[in-house]
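First comes the structure, then the notes that go with it.
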Amino acid sequence: MAKKTYDLLFKLLLIGDSGVGKTCILFRFSDDAFHTTFISTIGIDFKIKTIELHGKKIKLQIWDTAGQERFHTITTSYYRGAMGIMLVYDITNQRSFENIAKWLRYIDEHANEDVEKMILGNKCDMELKRVISKDKGEAIARDHNISFLETSAKANINIEEAFTQLAEAILQKQTSGRAVDAATSGGINVGPRERPALGANCCH
Amino acid sequence: MESASSSSSLDSEGNQHRHDCGRVWNGMSMDARYIPALRRLVPPDHRAVGCVRCMISRGRKRTPQVCVLVEHMQEHCVLICAEEGALPNATLKSDSRFPINVDFRIDIEPVSTVGGSRVITANLSYKRKKLIFEADYDDTADRFVKEISKAFENSKYRNTPASDYLWVEVYKNNSKFFLDVNPEDEDDLGEENKASRECMVKCLMQEREDEFTVLNEFRIFTGTWNVNGMAPPESLSEWLASSAPNEPPDVYAIGFQELDLSKEAFVFADSPREKEWLLKVKESLHPKGRYKEIKTVRLIGMMLSVFVEEKHAPFVANVDCNSLGTGILGMMGNKGGVGVRLDLHSTSICFVNCHLAAHAEERERRNQDFNDIRNKLSFNQMRPAKSVSEHDQIYWMGDMNYRLQDTTKQHVEQACANNDFSSLWERDQLRDQQAKRIIFIGFEEGPLNFKPTYKYDVGTNQWDTSEKARVPAYCDRVLWRGNNIRQLCYKSHDNFVISDHKPVLAEFSSGIRVVDAVKRKEIYQELMKQLDKEENDFMPQVTVDEHYLNFGRVHFYERVQRSFKITNTGPVIVRFLFKEQPKGRRYAKDWLKADPHNGTLKKGESCDITLEILVDPASASKLNMGEEKMSEVLVLHLVDGKDIFISVDMEYQHSCFGCSLEALVRHMTPIGLLPQETLIALETDPVKNAELGVPFETPTELWIIMDALQRKGLSGGNIFGKSGSQVEIQTVREALDTKRPDGQLDVSVHAVAECLLLFLSALREPVIPYCFFKKCLDSSVTYTQAKSVIQELPKVHRDTFRYLVLFLQELLQKSKRLEVNILATIFSAVMIRPPQDGQMTPSKERMRSVFLYHFLVNHCEV
Ligand SMILES: Nc1nc2c(ncn2[C@@H]2O[C@H](COP(=O)(O)OP(=O)(O)O)[C@@H](O)[C@H]2O)c(=O)[nH]1
Ligand SMILES: [Mg+2]
């Protein structure tokens, strides 16, 4: 008998090295607030937020994971249920950027094949301490055909955009997926859909 | 059923009520399965009128409940009950009560279809308390809701003073009165107990309706005229366009009676008069307005047409109409009523046009006609069907036929000449009956500052000059019910002379609720945000005081415990459990146990969770070999919430327990003194990495155990009858792993005996190797067959087997208290173990025991 106020439920996952700002990003998005003192996540937490896209009410359930290597066997077991994954690095932290390759591998090994991905270079408010140029971030995203944004949870830059873009991509995939189903059942093959433009938005 | 003996009587409104001598009415609104439970719940002087199973949502809670409608002295109360036990023996306990009085509201929603089943939803409120009732839609549920609605309607018309509803107190004994339940006290928030957000949003939006709706003044024009079967005159403008020249009405509702007196009108649905009059009406509406006909409904002579100004048409919805005949057999339709309902913006409006029974002496019939229309006229395209009274505003017009009584024609004429109309009002039957609360309860009427509209000589403005010389009367009336309605004018028009009645009009300025779409969206989004926030805030939260527990060095069969504290720091009750590991593994490796492994914490409550490590024979070998990591991450899961990781580390001290016979017979140094790599090498290739050129026949450790047992004496009864203490077992293990004592072990014989069993069951490969397990069971039939299996064993296994059998035979000889089949069972279980994936069954257990038994009772020849 339960009725729902949302039309769709999307499960999203935040991954990336410990300390890159995943929890802050989530908190900014769900509570529109920022605290400098977050205890590092030892486990899996989630928050929900309802957004509207093309007149559809979409409930986002966003899972925040512990980044420590020690937990990777367990955290990767949560990838399976995700429809979208945000891979976060810290533009002031070289290692967190290098580890993107590792995280992408984890996604390949553990997530659904058609999961929507997005790379976020976080802490873009800290221009003075930047070690990863925006070009580098865009390049790696382009190499993997993933969309990219630089964000700041602290200065509230691109946070809302990031989630909207990811949700949008999932929504498009779902609707076009249905179109494909309909088409193939009629005996016509439809080629892979083009991805949304990369790094279209920027931050200063 | 008890209702069989019920008697009937009429109440003040002519409604039929049953007065049962019993307490439970097995009527159409009753789920009969609950009758036994209701008999126990409802005291003798109360009556259960209806009962259904439903879902009740309050705030964020949504629970299955049973809803009961009870009655006492014509007062009703809704009880929300919890069902305990299973039907038909279930017991009902009332959690909350909703007295049906002025503070009560019910709003029935259109039936919706959810997941293939139809659901009826009603919002109930009492003062500031609200709940949402949902039930599977069927006749019982439908009638039940109607019954509540009716009780509510009737409660408005009670002429007794408001009751304090003390009689519902009897239902209060078993739980708190809902009206003062503090939401803080409500815990248990399982998934299905949460009110669906849909319901909450609806409720909350309703609460804030004032913020996003404004009352806009609409001019509503109503007119009624009994036209005596005549064709329309040249124009009706004088009547219909009589409003101020620049203020066209927004809505018109025009009712006619005796529109068509022809025989055809009774027989055929079609009437040429209808078209004539309708056309004339349309021509005569206010010239400054452009009107759209919303609906016209006709029942023989009664016709009702509703028009709205075109600009309002997009805001008109859910238009429906119906008619009800009250004439001969209730069918002929020369008397009765027609109605049109609509939603204008957010206000529901019902127009009724009626023609009630004629003749001065037929007052009772008129009353009856009125109440029939009020109770039975319903708009059935609405889901659920709506009755007349279920509207925010009702405009009721028509030829009501009520007369002036106890007066004369002369007196009426006199009064009219003096403009002293008020002296006539007290003689008006309608006013009299309304004051007596028989009809038009809750309705209002403006002052009749015009002459009686009946009965005129046709073609004149003269009252009846016929022989009958009827007393003039206010037959033609307009009454209204609802809030925010102001009558602007109420009058008749003398200049129309085609009929024996004069047309009447009543114009209103009515407050219509108009939704401000922008504001509504704003509030809606704000609400979504708030609900998201609440949903996030109401997630279970806990803190744990340790995320990492290091057990340090742990030995074989040593029980080590550490604990941590988990505290519920959130706003709701927390259920926690340790979640299974990926790939369906148990929540932790076999050597780790959490106690409690699941539980519930109230707000602010904490609980200690003890983690215990015990490396038993099953895990010993894997840990010796480093095949299993000495760490674990436990996933502490909060139901409907997050997962918390608890990391556990230990350092396992490898031991002779858990080694293989092949390795044990090839070294001198106690196993515990070897570096782990050396042990792993030895185990991986015993021959190549042997410490001894010529291996022992059997492991030294086994010899030490046997020797200790011999010294302690085997004759003292059942040496396997008790287990040794933790400390004793650790003493033996320590001795075997580090010292190789040849003297007495300072422990009880039972501890040594237990160590023997532990040693055998921890062996990396059992005495009868895994690959011989099946063969062994297959050969358990005879001693000869069994012997041939032993002949095939690798030498060290064969030697160890013989060594053990000889020892067991000696044990049997010395200890008269030990039975051979018991011993066979105990030892076969540790010596003959199934391969990892092998399942044990009672028959396999019996076979392996029999296998060993042969050797214990025969002369050992292997
Ligand atoms: N300057 C700046 N600091 C941030 C930003 N996001 C997070 N931080 C800081 O980075 C640290 C780690 O953040 P946290 O969200 O706990 O990282 P997580 O381990 O990925 O969840 C905290 O001290 C935050 O205050 C950001 O956008 N700008
Ligand atoms: Mg974190």
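Everything numeric here is computed off the predicted structure, so don't read it as measured data.
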Rounded at 0.5 Å granularity, tell me how far [atom1] in [X] sits from [atom2] in [Y].
{"X": "A:Thr75", "Y": "B:Asp643", "atom1": "OG1", "atom2": "CG", "answer": "11.5 Å"}
{"X": "B:Ile644", "Y": "A:Asp45", "atom1": "CD1", "atom2": "CG", "answer": "8.5 Å"}
{"X": "A:Thr73", "Y": "B:Gln581", "atom1": "OG1", "atom2": "CD", "answer": "8.5 Å"}

What donor-acceptor contacts under 3.5 angstrom involve side-chain atoms of residues 107-114 of chain A, with partners at least two apart or in another chain?
from, atom 1, to, atom 2, distance (Å)
A:Asn112, OD1, A:Arg80, NH1, 3.4
A:Asn112, ND2, A:Arg80, O, 2.8

- Message: What I'd like to find out is whether the side chain of B:Met528 reaches to under 4.5 Å of the side chain of A:Glu52, using heavy atoms alone.
- Response: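 They are not in contact (no side-chain heavy atoms under 4.5 Å apart), so the answer is no.
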- Query: Does the side chain of A:Ile42 reach to within under 4.5 Å of the side chain of B:Tyr548, using non-hydrogen atoms?
  - Reply: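 No. Closest side-chain heavy atoms not under 4.5 Å.
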- Query: Do NZ/NE/NH1/NH2 and the carboxylate oxygens of B:Asp649 and A:Arg70 come within less than 4.0 Å?
  - Reply: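 Counted as a salt bridge, because a side-chain N and a carboxylate O are separated by less than 4.0 Å.
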- Do NZ/NE/NH1/NH2 and the carboxylate oxygens of A:Lys49 and B:Glu535 come within less than 4.0 Å?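 So A:Lys49 does not pair with B:Glu535 through a salt bridge.
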Just wondering, are more than 12 heavy atoms of other shown residues or ligands nearer than 6.0 Å to [atom1] in [X]?
{"X": "A:Lys102", "atom1": "NZ", "result": "yes"}
{"X": "A:Glu160", "atom1": "CD", "result": "no"}
{"X": "B:Lys579", "atom1": "NZ", "result": "yes"}

- Query: salt bridge (charged side-chain N to carboxylate O under 4.0 Å, His left out): which pairs involve residues 83-100 of chain A, sequence neighbours left out?
  - Reply: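 Those involving residues 83-100 of chain A are A:Asp90-A:Lys123.
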Which pair of heavy atoms, one from [X] and one from [Y], lies closest together, and at what distance?
{"X": "A:Phe46", "Y": "B:Gly641", "answer": "CE2-O, 3.4 Å"}
{"X": "B:Val635", "Y": "A:Tyr78", "answer": "CG1-OH, 3.7 Å"}
{"X": "B:Val633", "Y": "A:Ile74", "answer": "O-CD1, 3.5 Å"}

- Below 4.5 Å from any heavy atom of chain B, which atoms of A:Thr41 appear? Answer side chain, backbone, both or neither.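 Neither part, no heavy atoms under 4.5 Å.
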- Task: Determine yes or no for a side-chain-to-main-chain donor-acceptor pair under 3.5 angstrom, with B:Asn536 supplying the side chain and A:Ser30 the backbone.
- Result: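 The answer is no, because no donor-acceptor pair under 3.5 Å joins these two groups.
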